[in-house]
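I have placed the structure first, in the form of structure tokens, so that the comments after it can refer back to it.
Here is how names work: the chains are called A, B, and so on, in the same order as the sequence lines, proteins then strands, and each is numbered from 1. Scope of the values below: all heavy atoms of this structure, side chains included, with no hydrogens, waters or symmetry mates.
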Amino acid sequence: MRDKEMPKAYDPKAHEDAVYAAWEASGLFNPDKLPGERKEAFSIAMAPPNVTGVLHLGHALEDSLTDAMVRYQRMCGKKTLYIPGTDHAAIPTQAKVEKMLMKEGMKNPRQELGREGLVEKIRTFAEQSRVTILSQVKKMGASCDWSRLAYTFDVSRNAAVNELFRRMYNDGLIYRGYRVVNWSTKGQSTCSDDEIVHVERTSILYTFKYSKDFPIAIASTQPETKLGDTAVAVHPDDVRYQKYIGQTFTVDVGAAAPRNIRVIADEGVDPKFGTGALGVTPAHSAIDFSMYEKQKAKGEPIEIIPVIGTNGCMTEEAGKSYQGLVVEEARGRFVSWLQSEGLMVKEPEEIVQNVGTSDRYGDVIEALPMTQWWLDVNKEIPGRGKTLRDLMREAVTTGLGGDGNQKVTITPERCTKMYLDRVENLRDWCLSRQIWWGHRIPVWYRGEEIFVGNEAPAVEGWEQDPDTLDTWFSSGSWTFSTLGWPEATKELKEFHPTTWITMGYEILYLWLMRMILMSTYALEQIPFKDAYIHGLLRDQHGVKFSKSAGNGIDPIEVIENYGCDALRLSVTSGNTPGNDSRFSMEKVESARNFVNKLWNISRFILTTTTWHHVESVQPKTMADQWILSRYESTVVNVTKLMESYDFSLATEVLREFTWSDFADWYLEMAKVEQGKDEMLSYLLERILKLWHPFLPFVTEVIWKEMGNTEFLMIAPWPKSESGINEGAEKDMKLIQDVITTIRNLRAEYVVEPGKMIDATIVGASAVLEEQAYVIKGLARVGSLTIQTSGEKPEGSAAATVGSTQIYLPLAGLVDLQKESLRLTKELDEVNGYLASLAAKLNNQEFVGKAPAQVVQKMRTNLVEAEARKASITSQLAAIQK
RNA sequence: GGGUGCUUAGCUCAGUUGGUUAGAGCGUCUCGUUUACACCGAGAAGGUCGGGGGUUCGAGCCCCUCAGCACCCACCA
């Protein structure tokens, strides 16, 4: 016994900050300062949270999974690096600050503040947000190396971005081109295909002709764009229109000038939809633009006439009656005109269609032709004989260049399929943005001259491109820009490709794909070997957490009230790769309860024994042998589950072992058997180690309570030691069943819990004899009689465990009718079971085809069930006598 | 239009390569302060694994089909 004081309940608030500070001060988050010889490296680049706000539950989930992995690997003796960082998140951050400024009364922040002024405002906001979010990451217990803290928008990352751009430009992959882009009027910027969210809405489909003498009717939900039509496309085989193909008609639709409409053939036109003819507006539709390019290539060019401007209003080209109108107004006016001219050939009809909206500004994306910077995914990379698309495909299939060591494995596997589908349908990536918060495009112009480089040309007269880069251009290089690229650093050599990464499926295309693209291009290496894709956390009703739903939960508040460990465990368990899971305070409570249980298990051991490190133990009793066997299978299973990233199951296995096997059974048996110092010390140490990746704080606190001076964080992960003891497990099962059955009878006959009761067991075995004291202790039996055979004592309650009968003398209490009813029910059950077993064993095909093992098992079961039946039958007979 | 996931106890979810009588947590019911823990202990109730068909000696698991829910992708103007 030692004089040890531990509070009855674990108070996370009293420990967490101090424990984190101690970890941080120890320097052990830094792989270079880890003790021992660590040959194998393990590295993870944190998915950098955006500096747009605060930590949300999604981060909590991700941090929990990642940090569990990191802590596990560190304990396994790997040289473990977890790089923290934040993302400047170009559009989201600028959008957020602009919104704030407008709420404060500004009408047009860009105009009123100018580039420098606005960027300064955003920088101030981003810095505050960065500090907040990083402190919150610490609250989550993330064991990352703060000495390597990175930011997608800092000087080093800017150097990497510029170098990457320069190389891609020199390789001819980055080009400047005039094409139709996705334009957000509200954001006054382009965006990539991946930043568009399709929203379903009903639109009105108008069917009309450009003029009375135009032979073909067309349909459109955006008739105002028809002011810029320069062709009508029909299917080449469409007999209705074949005769017009190649002809040009001049029509006056009220635009600035009459339009020349050429009838062209295009395989892509569906003859069955609408009128089977498509009005071609090269300036305001990506498909129409591709037709324009095809025509140009064929030497039969059509015109391209933009009628919508970047301000979302009709241009001068749209004609006097439309110029300056926003598109909706122009649409109304154009429709009235069509009606008054009698050009509508059909009543307008409502249809459901998907429109693209900006994921950050929310407005409908307009297609506009503009000159922008693009990344070509189909062009061969000089000297490599492959395109970027090829590299992205190889990385997840054969491995880069067929090298299996350069292959990315995505968990769950179906995400690989999603990724590959996307790779095959990838279009050139629009890189330039017209917003100001972000990496400025490293291109300078002087008249017709272009200079692409890491820094401005030294001589005067050059002006830098005003645009900034898509934010994913910098996050795409995250795994290697954080390790010092383009310098050939020691870190890069040691830690790249990184080993593992976690992210939500919603950024599979935006981020995972770009990281693979960038890394395979720049380093000829994959960015990471394993990608673990997690689902979304939803609220208890399955609704996505969002501001508009008003269901937000602040993880920091949860930590304040329940502790970080409880939050971590609650989001980790019940969460399988790629699937959404629900978050609820009930789950957090349940996790908190477990944490407290672990605390009290430790409290019991530490206050009743003197804990000391035990290298190996000699089991003295059946209970010892059994718990060591259970521990063995737990350690083997949990390790296997960690290796296969099955965190949820790992926590379940551990929980079952800790609470049920260890606390409910073994500790109670230890109280009876006494003298368990060695065993308890041995097991507690190992249980804490196994839990550490999931419950870093409470395990570290207990570890310190045990008197350890080194951190649990760097203690070696437990190994398989004693082997499975099937005999002990079987024996224990019998003892557990006997105890449970006696407790059951006691409960049924309302025997006072504290009262000792006598019992008779018929069906003697060595185990029962040997463990009689355990049965007596745990089932509160006074005198226990064990005999090989015998009749049911008069006036006793009876029950059956296998072929063993148990009798409790409860004269006066026993209700024979009730007893008979219960036994009859049991008999029915066992009869049903016997019937199903017999059916199987009598089936020659089953006996012939099923593996011998399975058949043998059935036979054993049959024998057991028959014994059980005999036992029940004899009890029934005794009652009915 | 193409694709993916889900549907198992009242609720939230597990269920590894098809092999006993399908599991856990929460909730419910009964009882309970025995040298840790009421954030606890003991006991119990509760499921024809979405419907239908098929393959197999054997299906929650494999195949087909239908239904419901969720999500992703797509240039039906």
Side-chain angles (χ1 to χ4, degrees), chain A residues 6 8-10 198 205 218-222 233 268-270 272-275 277-281 285-291 351 353-354 367 412 414-415 417-418 421-422 425 505-506 508-509 535-536 538 540 542 562 566 573-576 578-584 586-587 589-608 640-641 644 646 648-649 652 655-656 660 663-664 667-668 671 740 743-748 750-754 780 829-830 832-833 836-837 840 843-851 853-855 857-858 860-861 864-865:
Chain A
M6 279 171 84
K8 279 173 90 151
Y10 172 62
H198 290 276
L205 183 68
I218 55 157
S220 176
T221 53
Q222 291 168 275
V269 178
D270 177 1
K272 288 194 282 290
F273 185 87
T275 62
L278 167 67
V280 180
T281 326
S285 152
I287 342 147
D288 296 9
F289 183 79
S290 70
M291 291 183 189
I351 61 162
Q353 65 170 183
N354 281 327
R414 65 187 143 86
C415 289
K417 227 183 122 187
M418 282 165 67
D421 276 358
R422 184 62 169 221
N425 294 309
Y505 58 69
E506 74 280 3
L508 191 71
Y509 304 137
L536 232 56
R538 296 169 176 275
Q540 55 185 331
Y562 294 91
S573 51
N575 194 312
T576 45
N579 294 328
D580 293 351
S581 63
R582 299 190 190 194
F583 178 89
S584 66
E586 285 75 21
K587 284 183 184 174
E589 256 176 59
S590 153
R592 188 269 321 262
N593 293 353
F594 177 77
V595 169
N596 192 243
K597 183 75 186 180
L598 185 60
W599 174 260
N600 272 289
I601 288 169
S602 311
R603 178 169 178 251
F604 174 65
I605 296 173
L606 298 183
T607 50
T608 55
K640 202 176 78 194
L641 292 166
S644 56
D646 204 335
S648 177
L649 249 191
E652 257 178 67
R655 190 189 163 99
E656 167 77 13
S660 173
D664 290 344
L667 284 185
E668 293 309 314
K671 285 176 191 171
T740 305
R743 285 171 175 170
N744 184 354
L745 283 177
R746 292 180 62 121
E748 214 167 311
V750 203
V751 178
E752 273 175 56
R780 299 200 73 71
E829 263 173 35
V830 80
Y833 183 42
S836 82
L837 283 175
K840 276 181 194 164
N843 183 341
Q844 285 315 304
E845 282 195 286
F846 169 72
V847 178
K849 291 187 185 172
Q853 241 182 324
V854 175
V855 178
K857 184 97 197 207
M858 293 281 186
T860 316
N861 291 344
E864 281 172 6

Holding to salt bridge (charged side-chain N to carboxylate O under 4.0 Å, His left out), I want the full list of residues that pass it with [X], two or more places apart in sequence or in another chain.
{"X": "A:Lys417", "value": "none"}
{"X": "A:Arg422", "value": "A:Asp194"}
{"X": "A:Glu668", "value": "A:Lys671"}
{"X": "A:Glu586", "value": "none"}

### Query
What string of B, S and - do you get for nucleotides 56-64 of chain B, 5' to 3', if B is base contact, S is sugar-phosphate-only contact and - is no contact with any protein heavy atom under 4.0 Å?
-B-------
### Message
Using a 4.0 Å heavy-atom cut-off to protein, can you give one letter per nucleotide of nucleotides 68-77 of chain B, 5' to 3': B if the base is in contact, S if only the sugar-phosphate is, - if neither?
### Response
--S-SSBBBB
### Query
Residues in side-chain contact (heavy atoms from CB on, under 4.5 Å) with A:Ala219, at least two apart?
A:Leu205, A:Thr207
### Message
Reading RNA chain B from 5' onward, which residue's closest nucleotide shows up sooner: A:Ile605 or A:Asp421?
### Response
A:Asp421
Can you measure [X] atom [atom1] to [N] atom [atom2] for me and round it to whole angstrom units?
{"X": "A:Lys857", "N": "B:rU21", "atom1": "NZ", "atom2": "C1'", "answer": "13 Å"}
{"X": "A:Asn579", "N": "B:rC6", "atom1": "CG", "atom2": "C1'", "answer": "8 Å"}
{"X": "A:Lys8", "N": "B:rG41", "atom1": "NZ", "atom2": "C1'", "answer": "14 Å"}
{"X": "A:Arg746", "N": "B:rU34", "atom1": "CZ", "atom2": "C1'", "answer": "11 Å"}
{"X": "A:Asn600", "N": "B:rA38", "atom1": "CG", "atom2": "P", "answer": "7 Å"}
{"X": "A:Leu745", "N": "B:rA44", "atom1": "CG", "atom2": "P", "answer": "10 Å"}
{"X": "A:Asp664", "N": "B:rG32", "atom1": "CG", "atom2": "C1'", "answer": "15 Å"}
{"X": "A:Lys640", "N": "B:rU16", "atom1": "NZ", "atom2": "C1'", "answer": "7 Å"}

Under 4.0 Å between any heavy atoms, over every strand shown, what does [X] touch: base, sugar-phosphate, or nothing? Just pick one.
{"X": "A:Asn575", "value": "nothing"}
{"X": "A:Ser648", "value": "nothing"}
{"X": "A:Gly574", "value": "sugar-phosphate"}

### Query
What residues, two or more places apart in sequence or in another chain, satisfy side-chain hydrogen bond (donor to acceptor under 3.5 Å, both in side chains) together with A:Thr275?
none
[N] phosphate, OP1 or OP2: any side-chain N/O from [X] under 4.0 angstrom?
{"X": "A:Ser836", "N": "B:rU21", "answer": "yes"}
{"X": "A:Ser602", "N": "B:rA36", "answer": "no"}
{"X": "A:Arg414", "N": "B:rU4", "answer": "no"}

### Query
Under the ring pair (Phe, Tyr, Trp, His ring centres under 6.0 Å) test, which residues partner A:Phe583, sequence neighbours left out?
none
### Message
Between the base of B:rC39 and the side chain of A:Arg592, is one N or O donor paired with an acceptor at under 3.5 angstrom?
### Response
yes
### Query
Does the base of B:rA42 carry an N or O that pairs as donor and acceptor with the side chain of A:Glu668 under 3.5 Å?
no
Atom pairs, N/O to N/O, protein against nucleotides 22-29 of chain B, distance under 3.5 Å?
unit_1, atom_1, unit_2, atom_2, d
B:rG25, O2', A:Ser590, OG, 3.1

### Task
Could you measure between the two C1' atoms, the one in B:rU4 and the one in B:rA44, and give it in whole Å?
42 Å
Polar atom pairs (N or O), protein with nucleotides 9-12 of chain B, under 3.5 Å:
unit_1, atom_1, unit_2, atom_2, d
B:rU12, OP1, A:Arg582, NH1, 3.0
B:rU12, O2', A:Lys587, NZ, 2.6

### Query
Looking at B:rA36, B:rU4, B:rG19, which one has an atom nearest to any side-chain atom of A:Lys417?
B:rU4
## Note on the structure
Note, RNA chain B 5' to 3' with Watson-Crick or G-U pairs under 3.5 Å encoded as ( ), [ ], | and . gives (((((((..((((.....[...)))).(((((.......))))).....(((((..]....))))))))))))....
